[in-house]
Amino acid sequence: MTSNIKQSYLPALALSLCTSTVFAAQVTTDPGDYRPLPAGLNVAALYYQTTDLDKLYVDGDRIEGAPTLSTNIGIARWIHYLKIGDFIVDPQVVIPFGRVELNAGDASLSASGVGDPLVGATIWLYNNAETKNSFGVTGFLSIPLGNYDKEQGGINIGENRYKFITQAAYIHQISNDFSLELIGEYTFFGENDEFGNSNTTRKQDAQYGIQTHLNYHMTEATNLSLSYYHDFGAESEIEGVKQDDELDNSRFQITAQHFLKPDLQVQLQYGQSVSIENGFYENSFINLRLVKVF
C-alpha cells in the first residue's frame, strides 16, 4: 500500500516546509514583519504550527478517499538590524524543523527532522519615521541541507534543491489606529535530480503571490490583524512531464499580538483556506509565535 501512495500521490503532494504553513507562500509574512527596527537590535523568534488536513483538491475538484496529511512544524529565526549608509538592513537565518505524516487507509508515510535553512535580508529603501510608511525588498536563499530521503518522494522535510525567494513590501499608516501592509512574492526553484527511487528530475515553474495585512493597533502593546494570502503558479514537471498542479490557492488569517514585556511578544493566529485549485484545503489552523527583542 505504501508503494501505491508513492506512485499515485507523491508527485502532487511534494511539500515545501520552509514556511509555517503547507501549500502557502514560500515565506509567509506575519503582520508587522516589515516594520524596520532601529540598528543594533536583534530578534529571536520561535514558531509552531499543527494541522490535520483531510481534503485534497486536484484541478479544483475534491478527491474522495485521498490520503490525509498531519503536520507539526516549528521554525527558529534570528534577525539582526544594522545600518548601511542611509538604509536599515536585517540579515537573518531561518531554520525549519518538524514532522509530516501522510495516511492512506492502514498505510502511512512520514518524515521528520530539520528542513532546508534560509539565509537572506531585507533592505528598506524608504523609511519615513514621521508617517510610519516604509518600503522594503527581501531576498532569501534556501539551501538544500535539510533531511531528505529520495525514496520518500515528496514527503520530506528537506527539498534537495535550491530556491531563491524575493519579496517587496509597502506599509501605509492609514491613521493612528490602522495600518495596511501589501507584500508581493516571487520564487525561483532549482532542480531536484533525486526525486524518487529512480533518481528522476523534478522541476517547478516560478511561484508568485500576494500577502496583505490590515492592522488595528488597539494599544501600544496589542495589535489585531486580518490577513489574506493568494498564491499562483509553481506547476511541477517530472522527467519532462507537466503535472498540471499549479497553484491558485487562497486563505485568510486572524492574528492577535501582545507584548507581555517591552522586549517579549506573543502571537496567536487562526485561519483557514478560502479556495484551493491544487493541494490540501485547510479547514482551520492555529499558529503560535514567541518573539524576544534584545
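Evaluated for a side-chain hydrogen bond (donor to acceptor under 3.5 Å, both in side chains) with Gln204, the options Lys163, Glu237, Arg161 yield exactly one hit, Arg161.
Of all non-hydrogen atoms in Leu224 and Ala256, the two that sit nearest each other are CD2-CB, 3.7 Å. In this structure, Asn160 and Asn192 approach most closely via the heavy-atom pair ND2-OD1, 2.7 Å. Of all the heavy atoms in Gly158 and Tyr148, the pair that sits closest is O-CD1, 3.3 Å. Between Ser108 and Asn103, the closest heavy-atom pair is CB-OD1, 3.2 Å. Heavy atoms only, all atoms of each residue included: Gly98 and Ile157 are closest at O-CD1, 3.6 Å. The minimum heavy-atom distance between Tyr34 and Gly136, with the atom names listed, is CE2-O, 4.2 Å.
A donor atom on one side chain and an acceptor atom on the other are found under 3.5 Å apart for Thr29 and Gln211. In the model, Arg77 has a side-chain atom that pairs as donor or acceptor with a side-chain atom of Gln92 under 3.5 Å. With 3.5 Å as the limit, one finds a donor-acceptor pair spanning the side chains of Asn215 and Ser225.
Atom OG of Ser179 is separated from atom NE2 of His172 by 9.5 Å, given to the nearest 0.5 angstrom. One finds the NZ atom of Lys132 at 13.0 Å from the CD1 atom of Ile174 (value rounded to the nearest 0.5 Å). With values rounded to the nearest 0.5 angstrom, Ser273 atom OG is found 8.0 Å from Asn283 atom CG. Met218 contributes atom CE, which lies 10.0 Å from atom CG of Asp177 (distance to the nearest 0.5 angstrom). Here the straight-line distance linking atom CG of Leu69 with atom CD of Glu282 works out to 9.5 Å at 0.5 Å rounding. The distance from the CG atom of Asn42 to the CG atom of Leu82 is 9.5 Å, given to the nearest 0.5 Å.
Linking ILVMFWY residues whenever their side-chain heavy atoms come closer than 4.5 Å, directly or via other members, leaves Leu46 and Val291 in distinct clusters. Ile123 and Val119 fall into different hydrophobic clusters, where Ile, Leu, Val, Met, Phe, Trp and Tyr are joined by side-chain heavy atoms under 4.5 Å apart, directly or via other members. Under the 4.5 Å side-chain heavy-atom criterion for ILVMFWY residues, a single connected hydrophobic cluster contains both Phe135 and Val89. The hydrophobic clustering, which links ILVMFWY residues whose side-chain heavy atoms are closer than 4.5 Å, places Ile73 and Leu109 together. Under the 4.5 Å side-chain heavy-atom criterion for grouping Ile, Leu, Val, Met, Phe, Trp and Tyr, Phe252 is not connected to Phe285 through any hydrophobic cluster.
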Mind running side-chain contact (heavy atoms from CB on, under 4.5 Å) on Val27 and Glu185 for me, showing each step along the way?
-> CA-CA 8 Å; Val27 175; Glu185 182 182 82; 3.8 Å; yes

Could you check Gln253 against Tyr229 for side-chain hydrogen bond (donor to acceptor under 3.5 Å, both in side chains), going step by step and ending with a plain yes or no?
-> CA-CA 8 Å; Gln253 180 175 277; Tyr229 304 82; 3.0 Å; yes

Start with the C-alpha gap between Tyr208 and Tyr186, add the side-chain angles, then the distance that decides, and say whether ring-ring contact (aromatic ring centres under 6.0 Å, His included) holds.
-> CA-CA 4 Å; Tyr208 51 100; Tyr186 181 89; 7.1 Å; no

side-chain hydrogen bond (donor to acceptor under 3.5 Å, both in side chains) evaluation trace for Tyr48 with Asn72 | CA-CA 7 Å; Tyr48 174 74; Asn72 286 279; 2.7 Å; yes

Stepwise side-chain contact (heavy atoms from CB on, under 4.5 Å) check, Ile286 with Gln49 | CA-CA 6 Å; Ile286 295 177; Gln49 182 196 42; over 6 Å; no

Please report the C-alpha distance between Asp205 and Lys242 in whole Å, then the side-chain angles of each, then the deciding distance to 0.1 Å, and finally whether the salt bridge (Lys or Arg N to Asp or Glu O under 4.0 Å) criterion is met.
-> CA-CA 10 Å; Asp205 293 342; Lys242 292 286 188 178; 3.4 Å; yes

Please test Asp245 against Ser236 for side-chain hydrogen bond (donor to acceptor under 3.5 Å, both in side chains), starting from the C-alpha separation and ending with a verdict.
-> CA-CA 6 Å; Asp245 59 353; Ser236 297; 3.1 Å; yes

Is there a side-chain contact (heavy atoms from CB on, under 4.5 Å) between Tyr126 and Asn133 once you walk through the steps?
-> CA-CA 8 Å; Tyr126 175 71; Asn133 297 337; 4.0 Å; yes

Can you check side-chain contact (heavy atoms from CB on, under 4.5 Å) on Leu247 and Gln207, steps first, answer last?
-> CA-CA 8 Å; Leu247 301 178; Gln207 177 176 328; 3.7 Å; yes

Residue pair Ser70, Asp52: steps toward the side-chain hydrogen bond (donor to acceptor under 3.5 Å, both in side chains) verdict | CA-CA 5 Å; Ser70 300; Asp52 290 297; 2.9 Å; yes

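Side-chain atoms of Gln173 and Asn128, non-hydrogen and from C-beta on, never get closer than 4.5 Å to each other. Taking the side chain as every heavy atom from C-beta outward, Phe259 and Glu220 never approach each other to under 4.5 Å. When side chains are defined from C-beta on, Ile183 counts as touching His213, because their heavy atoms get closer than 4.5 Å. Contact of the Ile143 side chain with the Asp116 side chain is not registered, since no non-hydrogen atoms from C-beta on lie closer than 4.5 Å. Using a 4.5 Å heavy-atom cutoff, the side chains of Ser227 and Pro31 are in contact. With a 4.5 Å cut-off on side-chain heavy atoms, Asp30 and Gln269 count as touching. Proximity of Ile95 to Ile75: side-chain heavy atoms (C-beta onward) are nowhere separated by under 4.5 Å. Asp244 places a side-chain heavy atom less than 4.5 Å from the side chain of Glu235.
Around atom CG of Asn176, no more than 12 heavy atoms belonging to other residues, nucleotides or ligands sit under 6.0 Å away.
In this structure Tyr281 satisfies the ring pair (Phe, Tyr, Trp, His ring centres under 6.0 Å) test with no other residue, sequence neighbours excluded.
Ion pairing between Arg289 and Asp33 holds under the 4.0 Å rule for side-chain N and carboxylate O.
Taking the ring axis of Tyr57 as reference, the NZ or CZ atom of Arg62 does not stay both within 45° of it and closer than 6.0 Å to the ring centre.
A donor-acceptor distance shorter than 3.5 angstrom exists from the side chain of Asn249 to the backbone of Asn278, with no hydrogens or angles considered. Looking only at distances, no side-chain donor or acceptor of Asp59 sits under 3.5 Å from a matching main-chain atom of Asp61. Counting only distance, with no hydrogens or angles, the side chain of Thr51 and the backbone of Leu53 share no donor-acceptor pair below 3.5 Å.
The ring of Tyr216 has its center closer than 6.0 angstrom to the ring center of Phe178. Here the two rings, on Phe188 and Phe164, have centers that are 6.0 Å apart or farther.
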